[in-house]
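Below is one structure, written out as structure tokens; comments come after it.
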Amino acid sequence: MERVFNFSPGPAMLPQAVLEQIQLDLLDWQGTGMSVMEVTHRGPAFSAMALACEALLRKLLQIPDDYRILFLPGGATLQFSAVPLNILRPTDQAGYLVTGVWSQKASQIAATYGQVEVVATATEANGLTCLPCIGNITKKYRYLYYTDNETISGLQYHTLPIDTDIPLVCDMTSSLMSQPLDIGRFGVIFASAQKNLGQAGITIVIIREDLLGQARDITPSVMNYTLQAAQHSMLNTPPTFAWYVCYLMLQWIDSQGGVTAMQQQTVAKAAKVYECIDRYPLYQPIAHSSARSKLNMPFKLSKPALESEFLAQAEQQGLMNLKGHRLIGGIRPSIYLGMPMAGVERLVAFMVDFANQYSS
Ligand code: PMP
């Protein structure tokens with residue numbers, strides 16, 4: 001079968017060049033006579049790759065020297081526990097901005113470990129369509145947590161939610177590498193890899209050094225940032241293949257011009273889809289225009305009975321996995337870094353045809 005355009009929210013489409021490199025490397029990686037899946041993570045080839053991967057991420061995101069970078073197993077969901085276990089001391093309180101499903105999950109999990117206060121919400125009452133305004137925060141939260149891009153409802157912060165000295169902890173699972181960041185504004189950033197950085201199984205954690213060293217005694221060692229930082233994320237056998245794919249993705253991002261180029265591509269791709277959504281009344285966007293995600297663009301059809309027809313016709317054109325999340329329904333194109341402009345153009349052409357066919 002011909003390759004399709006995969007609009008899945010994750011695991012997501014990878015650039016062709018990355019897949020071809022994996023194919024080339026598969027039987028003999030780096031002259032080892034083995035695949036990367038078969039080499040020891042403690043050997044010279046893998047250690048060199050791990051170091052190069054970290055250095056490249058540091059270069060691409062301009063991560064200052066007083067931040068440590070970890071490559072951890074367990075997905076972003078494990079970080080919902082790891083964050084409070086590592087940095088929320090028993091007497092502290094953490095503030096959470098609950099703007100969608102993922103930040104809600106994170107706040108509920110954190111509340112099982114310590115004191116959590118929901119500072120602001122995008123509620124069901126407004127259909128999770130707007131991001132909350134946050135006034136001045138006077139409380140001394142240990143950290144303030146938010147999700148940069150809520151993947152399900154397609155809400156994204158376009159600037160930092162607040163200017164504060166409180167360490168910001170940010171889940172960037174669906175947006176890391178899609179724009180330059182001022183890392184110095186954050187205490188912790190984490191993102192699992194299967195959307196913008198390759199394959200499921202590995203999660204990047206970027207943490208300011210002064211937040212290390214305070215994990216609770218009960219923290220499982222693999223989740224302990226301090227122990228993992230001391231062991232260069234090799235406290236146990238790491239997800240080696242996912243780590244290698246992550247490195248290939250970073251090399252691909254670098255070859256494209258880095259995160260500035262990623263931002264330009266992301267903005268251009270999103271603009272094409274939103275222009276089309278806005279042009280045809282058949283398409284009803286979910287997120288308010290002030291908070292629209294540049295990576296996930298959920299919308300409904302004004303004639304909901306046409307949804308299955310839309311999905312079926314899209315699939316016939318090689319436009320796959322456009323079905324919206326079960327909590328929201330409708331259609332949701334997810335357009336991460338690996339989706340080429342050609343895929344977006346094909347989607348938009350299809351949406352135009354479909355709207356012309358069914359708008360009357
Ligand atoms: N946070 C966000 C914003 C997500 O989109 C997801 C997954 N879709 C998660 C967390 C959970 O990630 P994982 O499956 O890697 O645990």
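Remember, it's 1-based here, ligands and their atoms both numbered in the order they're listed. This chain uses plain numbering: 1 for the first residue, then up along the sequence.
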Closest to atom 13 (P) of ligand 1 by heavy-atom distance, out of A76, G100, G74, P11, is A76
Under 4.0 Å from any heavy atom of F80, which atoms of ligand 1 are there? 10 (C)
Where does the angle between the aromatic ring planes of F46 and W29 fall among parallel (under 30°), tilted (30 to 60°) and perpendicular (over 60°)? tilted
Mutual orientation of the aromatic rings belonging to F80 and F190 [parallel < 30°, tilted 30-60°, perpendicular > 60°]: perpendicular
Considering only the protein, which heavy-atom contact is closest to atom 3 (C) of ligand 1, and what is its distance? T151 OG1, 3.3 Å
For ligand 1, note which part of N149 has a heavy atom under 4.0 Å away: side chain, backbone, both or neither. backbone
Report yes or no: do T219 and N224 form a side-chain donor-acceptor pair below 3.5 Å? no
What I want to find out is whether E275 reaches R279 closely enough, with some N-O distance under 4.0 Å, to be called a salt bridge. no
Name each donor-acceptor pair under 3.5 Å that joins a side chain in residues 335-353 to protein atoms two or more places apart or in another chain, with its distance.
{"unit_1": "Y336", "atom_1": "OH", "unit_2": "P9", "atom_2": "O", "d": "2.8"}
{"unit_1": "Y336", "atom_1": "OH", "unit_2": "N296", "atom_2": "ND2", "d": "2.9"}
{"unit_1": "R346", "atom_1": "NH1", "unit_2": "Q317", "atom_2": "O", "d": "2.6"}

Heavy-atom distances under 4.0 Å decide this one: backbone, side chain, both or neither, for D171 against ligand 1? side chain
Polar contact flag for T77 and ligand 1 (N/O pairs, less than 3.5 Å): yes
Give yes or no for whether the N/O distance cutoff of 3.5 Å, strictly under, is met between Q194 and ligand 1. yes
What is the ring orientation for F354 with Y358, classed by angle as parallel under 30°, tilted 30 to 60°, or perpendicular over 60°? tilted
Do NZ/NE/NH1/NH2 and the carboxylate oxygens of D171 and K105 come within less than 4.0 Å? no
Distance to 0.1 Å, residue and atom name: give those for the protein heavy atom nearest to atom 15 (O) of ligand 1. S192 OG, 2.8 Å
So which protein heavy atom does atom 8 (N) of ligand 1 come closest to, and at what separation? K195 NZ, 2.8 Å
Does the N or O separation between G75 and ligand 1 drop below 3.5 Å for any pair? no
